[in-house]
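All residue numbers refer to positions in the sequence shown, counting from 1.
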Amino acid sequence: MLRVDFGVLGEICAWADGRAIELGPARQRSVLAALLVKVNQPVSLDQLTDCVWGEDPPRRPTATLQSYLSRLRTSLPAAWDGGIRRSGGGYLLRADESAVDLHRFHDLRDRARASDDATAERLYEQALDLWRGEPFADLDTSWARAQRHVLQGERLAARLAYHDVRLRRGGHAALLGTLESLAAEHPLDERPAAQLILALYRSGRQGEAFQQYERIRKRLAADLGVDPGPDLRLLHHEMLTAAVAPAPAEPAPAPSAPTPPPAGVVVPRQLPAPPPVFVGRPRELATLDDALTGDGGDRVAMISAIGGYGGIGKTWLALYWAHHHVDRFPDGQIYLDLRGFDAANAPMPVETALRLLIGALGADPAAVPRRPEEQTALYRSLTARKRLLIVLDNARDTAQVVPLLPGTPSCTVLVTSRNQLPGLIAGHDARHVPLDVLDAAEARRLLLHHLGPERIDAEPEAVAALVERCAGLPLALSIIAARALMSPWLPLSSLAEELREESTRLDALDAGELSADLRTVFAASYRALEPEAARLFRLLALHPGPDLPPPAAASLMGTDARRPMAGLVRAHLVTEQAPGRFALHDLLRDYAAERAYAEDSEAERDAALRRLLDHYLHTAHAAALLFYPNRRAIQLTEPLAPGAVPVVPRDHQQAADWLAAESQALLWAVRRAADAGLATHAWQLAWSLADYLNRQGRWQDILTTQQAALEAARDQGDLVGQCRAHQTIARTQLRLGRHDDARVQLDHALDLSTRLGDLALQARANHSLTMVFSAQERHGEALAHAQRALELYRDLGDKSSTADILNSVGWEHAELGHHREAIDHCEQAVALYESLGDPYGQAAALDSLGYALHRAGDHDRAAGRYRQALRLFREVGDRVEEAVCLVNLGDTHRSAGDEAAARREWQAALDILDELDRPGDDPVRSRLAARLGRTGDR
């Protein structure tokens, strides 16, 4: 069954089987947060409104809330058995409470309070590890701030209770650093001060303990005018009289077996020391706990396979969990490094592993049989009915592990590997525990544990840069921390600067030993790949997008990439983040780039890049024509490179989905094509992407890609590419209200199109000049350019562009008061768009027709045309134009004397702009501000 987990102890997050779910803008996440706090309980619409907007709700909050709820329902997986439901006058989120980190925290804390100290210590650790940072960190509402204040108090109380348990169990020395930081964070709180004083005293630092007492006594007197409370005074008195209870011996991470074994029986205790620093991994620890406490049934043994690429923390997770559960294995704990990906040694042979395991169980070495199958039989006899924990670290593959599995369900086996071990999961019912990178808060905590608060707090910007550039990889963070500790005089900003350049980043992540050299760790995984998988891994460095689909990978390879990609996934060098979407960690990408430059020739890399760019160009071009089917298409002049694999979208929706999924990679592709001197690719990719970006309101991305295309076209002397880029830049600047800049661009475009003798480009330049002069309210000049463009489009037989310019001619006539001509041209445009099957164009023309009728005083017909336009804008999903049309409809209602109806439409438009997070200086928002009597600020 699909599992969905939710997090509010940090940023608002959700995961479906470990994969992140996109939850939308902040206000939409506020709705989810309110439902999560009261999971399985109804939350009224009034309560949701208060959570999202506080004391300043919009005029129609219910409609907006329902829109947020609808989008949240769509975001959550259909296969999940929970969901958002109506309940009475509100809504509830139905989910298992243990799937929400807040409620899991409360459950673990409450169980810890009722448990003995050994159990309580483990439960408190699990509870506190759920915190990823400040609760509701990405929300800034009065409700979120209030919730945050309460929960931070609960977290502090849990931390203090955990420290009390640790102190009772003799953990005073290990806690000193944490208690010093906590006491500094809460200088007037007597409880952390008392814990620090006690820990200092029991650690033999009595002088510092008395100094700490004096420090807080003086602080309380100076700041609050009070003396220390009775508990702190009692502790001080006991120290003075040497009556403080002696510290118990430092315990093992978990209590020893309750019943000693019979005399003469070997009880192996082979676990290496637990990791000195461990953060995060609450879900993975819970998965291992569930495997241990679940019903073993008829399974051979309880097996968990911890997987992930080198440096992700597999061994640390296994040892951390193992040390916290040794009391469950009274017959012993065995640890064996199988060296599957050792930088200096070959993988351990199965026969050697069996001899070591048998020897750990006390067998006479002389009695160990020579044949492997007999060794396995003896091993299983020795483990039968024993409660053993066996940690098989760094396994190469399933074949190396299977002979080492016990034969009875009394044993638990932890296996770590850089491979996925599908045979172990499918054939032996192993619990799969994949590891991902640490989030930013966890990464910062790891650095804090290594370097201490003083050094971390001294350079917050450098710490943030280190966290970002280590990309959540625990080994990378630990190596950087080791370098910082070895060079205490070195500013963290210097280390951050070393990590800034991709070409030298791996050099900075080398602390001088094989185990502390990230490049060496990656190399061990890389050397284990089959040749085709290794080649794909290198070529993936050429693709900088967040992820890529199989056709893009096939284009890089020049052949089917499914088998090598599966090999990379199994080796944990590539992650399948969503079905059919594969991603490479940033540091692995750096290593892949190094290997590509070392092993592949420049010609091979250039050919792979050309195939990839061809994949994106031909697919984007096909998608653009489906996205806007009646536009005048460009012709792709460059032949498709052999081995490139373009995708052919079936319909408008598939084209839109592809463009949405690949938009970041396409932005890069334009820049990369320009840098490679492929000017035609650059401007044709930019052209193919422009309409999609325009409808998304991503105008800065349009300007960036078009400027790159323009520079490339200039370098190569490509006049057509220059002209196209100038025209698109001009239209985008017009959108942004930069009329003079747009005019300059169009003068260049008109000059280039005249030199080329290209009537289509001349028509488009005149069309764009119409828009510029219209925006400047120079409607006579705008009409002249529009009529010239109309003449050219008709000569060219370009019906789609003719419809566009008919609409513009009608608009300019309306502005000049030529009502009959305006209505006639707009009606011609509507009819032509309808015959072309272009709903977007039809919507635009209906909007213009509504304006012409409004100017002519025919308000009823104008409102009718605006409503038709609204329906079509909603069908095509253009939220910006929907908002503009609502403003126009509101203007018509006001002119007809219906002020209330006008304000309803304007508020609906403002709600859309709020949802789209449009800036306060947006022209549409400025119009709304004037009509609603507001400043325009949200």
Side-chain angles (χ1 to χ4, degrees), residues 544 609-610 612-614 616-618 620-621 623-625 627-628 631-638 659 662-772 775 785 789 801:
L609 176 63
R610 172 61 186 271
L612 181 64
L613 291 174
D614 274 3
Y616 279 121
L617 174 56
H618 286 260
H621 182 258
L625 297 185
F627 197 68
Y628 191 173
R631 71 185 299 190
R632 188 177 182 86
I634 61 171
Q635 299 298 316
L636 301 185
T637 54
E638 299 288 337
L659 288 165
E662 299 294 337
S663 61
Q664 287 302 115
L666 287 165
L667 294 176
W668 162 85
V670 175
R671 180 73 265 174
R672 190 68 184 86
D675 291 343
L678 300 172
T680 303
H681 280 75
W683 76 257
Q684 290 183 344
L685 273 164
W687 180 93
S688 300
L689 193 54
D691 277 337
Y692 170 77
L693 295 175
N694 183 56
R695 290 198 191 179
Q696 295 289 309
R698 293 168 59 179
W699 296 313
Q700 189 55 53
D701 283 338
I702 296 177
L703 291 177
T704 299
T705 54
Q706 294 293 333
Q707 190 62 43
L710 177 60
E711 292 169 3
R714 281 175 176 161
D715 290 343
Q716 299 296 318
D718 186 335
L719 300 186
V720 173
Q722 292 176 56
C723 187
R724 293 279 187 183
H726 279 305
Q727 290 182 338
T728 306
I729 291 171
R731 290 203 173 200
T732 306
Q733 289 175 332
L734 182 62
R735 278 275 195 180
L736 296 170
R738 304 171 187 169
H739 305 140
D740 292 337
D741 291 339
R743 174 70 186 277
V744 171
Q745 296 288 332
L746 288 171
D747 285 344
H748 287 305
L750 193 56
D751 175 62
L752 287 166
S753 61
T754 303
R755 288 163 57 190
L756 287 164
D758 190 318
L759 298 183
L761 291 177
Q762 290 177 42
R764 185 171 176 81
N766 278 283
H767 194 161
S768 298
L769 283 165
T770 299
M771 299 163 69
V772 172
H785 281 286
S801 298

- Which pairs count as side chain to side chain donor-acceptor pair (under 3.5 Å) when at least one residue sits in residues 703-719, sequence neighbours excluded? Trp683-Asp718

- For residues 697-710, pull every pair meeting salt bridge (Lys or Arg N to Asp or Glu O under 4.0 Å), keeping only residues two or more places apart or in separate chains. Arg698-Asp701

- Message: Rounded at 0.5 Å granularity, tell me how far CD in Glu662 sits from CH2 in Trp668.
- Response: 11.0 Å

- Contacts of His785 meeting side-chain hydrogen bond (donor to acceptor under 3.5 Å, both in side chains) (sequence neighbours excluded), chain-then-number -> Asn766

- Item | Pairwise side-chain contact, Thr732 with Asn694, heavy-atom cut-off 4.5 Å (strictly under) | no

- Message: If I take atom CE from residue Met771 and atom CG from residue Leu734, how far apart are they, to the nearest 0.5 angstrom?
- Response: 5.0 Å

- Task: Output yes when a side-chain donor or acceptor of Ser753 lies under 3.5 Å from a complementary backbone atom of Leu750, and no otherwise.
- Result: yes

- Task: List in chain and number order the residues that pass side chain to side chain contact (heavy atoms under 4.5 Å, CB included) with Ala623, two or more places apart in sequence or in another chain; answer none if no residue qualifies.
- Result: Pro649, Ala655, Trp658, Leu659

- Query: Which residues pass the ring pair (Phe, Tyr, Trp, His ring centres under 6.0 Å) test with His767, sequence neighbours left out?
  - Reply: Tyr793

- Query: Which distance, rounded to the nearest 0.5 Å, do you find between the CG of Leu617 and the CG of Leu689?
  - Reply: 11.5 Å

- All heavy atoms of Gly717 vs all of Gln722, minimum pair found to be C-NE2, 4.1 Å

- Can you measure from CG (Leu752) to CG (Leu719) and round to the nearest 0.5 angstrom? 6.0 Å

- Item | Gln727 side chain vs Leu761 backbone, donor-acceptor pair below 3.5 Å | yes

- Query: Can you name the nearest heavy-atom pair linking Leu710 to Ala725, along with the distance?
  - Reply: CB-CB, 3.8 Å

- Sorted by chain and residue number, the salt bridge (Lys or Arg N to Asp or Glu O under 4.0 Å) partners of Arg672 (sequence neighbours excluded) come out as none

- For Ala730 and Ala742, which heavy atoms make the closest approach, and how far apart are they? O-CB, 3.4 Å

- Message: Taking ring pair (Phe, Tyr, Trp, His ring centres under 6.0 Å) as the definition, give me every residue that meets it alongside His621, ordered by chain and number, with sequence neighbours left out.
- Response: Trp687

- In chain order, what residues pass the side chain to side chain contact (heavy atoms under 4.5 Å, CB included) check against Asp751, with sequence neighbours excluded? Arg755

- In short, Ala674 meets Ala708 closest at the heavy-atom pair CB-O, 3.7 Å

- Query: With Ser768, which residues qualify under side-chain hydrogen bond (donor to acceptor under 3.5 Å, both in side chains), at least two apart?
  - Reply: Arg731

- Task: Just jot down the salt bridge (Lys or Arg N to Asp or Glu O under 4.0 Å) partners of Asp675, sequence neighbours excluded, or say none.
- Result: Arg671

- Note on the structure: When every non-hydrogen atom of Ala709 is compared with those of Ala686, the smallest separation belongs to CB-CB, 4.1 Å

- What is the distance from atom CG of Leu613 to atom OG1 of Thr680, rounded to the nearest 0.5 Å? 12.0 Å

- All pairs passing side chain to side chain donor-acceptor pair (under 3.5 Å) where residues 738-750 contributes a residue, at least two apart: His726-Gln745, Asp740-Gln776, Arg743-Asp747

- Item | Side chain Gln684, main chain Gln635, donor-acceptor under 3.5 Å | yes

- Item | Value rounded to 0.5 Å, distance of CG in Leu703 from CG in Leu736 | 6.0 Å

